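Everything numeric in this text was worked out from a predicted model, so none of it was measured.
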Amino acid sequence: MKLSKIYDPREMNSYQFVAATGLVMTLVAHLIMLVINKTVHNFEALYICWAVFFSLGAVANFNSNPGDHDHHHHH
């Protein structure tokens, strides 16, 4: 199990990349809302959605065949 598939963007699949980007965007939006003192109902649910999305992407990534699209093999 390669943990670099979780934290290294080059090892992430598209699902993980989208989820990571979404998480960052959500965090930024949350900070902006704190600054302008605005609250959105159930906004925290977005974090859960992104986390689930990322987890599913990670599972798919770990289950993918390294020979398919992995150019740097670590055997």
Any chance you could lay out the side chain to side chain contact (heavy atoms under 4.5 Å, CB included) test for Leu3 and Tyr7, step after step, and finish with the verdict? CA-CA 7 Å; Leu3 289 178; Tyr7 60 79; 4.3 Å; yes
Let's go through Tyr47 and Thr26 carefully: what are the C-alpha distance in whole Å and the side-chain angles of both, what is the deciding distance for side chain to side chain contact (heavy atoms under 4.5 Å, CB included) to 0.1 Å, and is it a yes or a no? CA-CA 7 Å; Tyr47 291 109; Thr26 303; 3.9 Å; yes
Just how far is it from atom CG of Asn37 to atom CE of Met33, taken to the nearest 0.5 Å? 11.0 Å
What is the distance from atom CG of Leu23 to atom CZ of Phe54, rounded to the nearest 0.5 Å? 9.0 Å
How far apart are the closest heavy atoms of Ala19 and Phe53, and which atoms are they?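 Between these two residues, the closest heavy atoms are CB-CD2, 3.6 Å.
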Side-chain heavy atoms under 4.5 angstrom apart, residues restricted to Ile, Leu, Val, Met, Phe, Trp, Tyr: same cluster for Ile6 and Met12? yes
Go through Val28 and Ile32 one step at a time and tell me if the side chain to side chain contact (heavy atoms under 4.5 Å, CB included) criterion holds. CA-CA 6 Å; Val28 170; Ile32 292 168; 3.9 Å; yes
Report the C-alpha distance between Leu46 and Phe43 in whole Å, list the side-chain angles of each, state the deciding distance to 0.1 Å, and finish with yes or no for side chain to side chain contact (heavy atoms under 4.5 Å, CB included). CA-CA 6 Å; Leu46 271 174; Phe43 191 80; 3.7 Å; yes
Checking Gln16 side chain against Asn13 main chain: does a donor-acceptor pair fall under 3.5 Å?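 Confirmed, Gln16 side chain pairs with Asn13 backbone.
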Does Asn61 offer a backbone N or O that forms a donor-acceptor pair with the side chain of Lys5 under 3.5 Å?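 It does hold such a pair.
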Evaluate the side-chain proximity of Leu27 to Trp50: yes if any heavy-atom separation is below 4.5 Å, no if none is. no
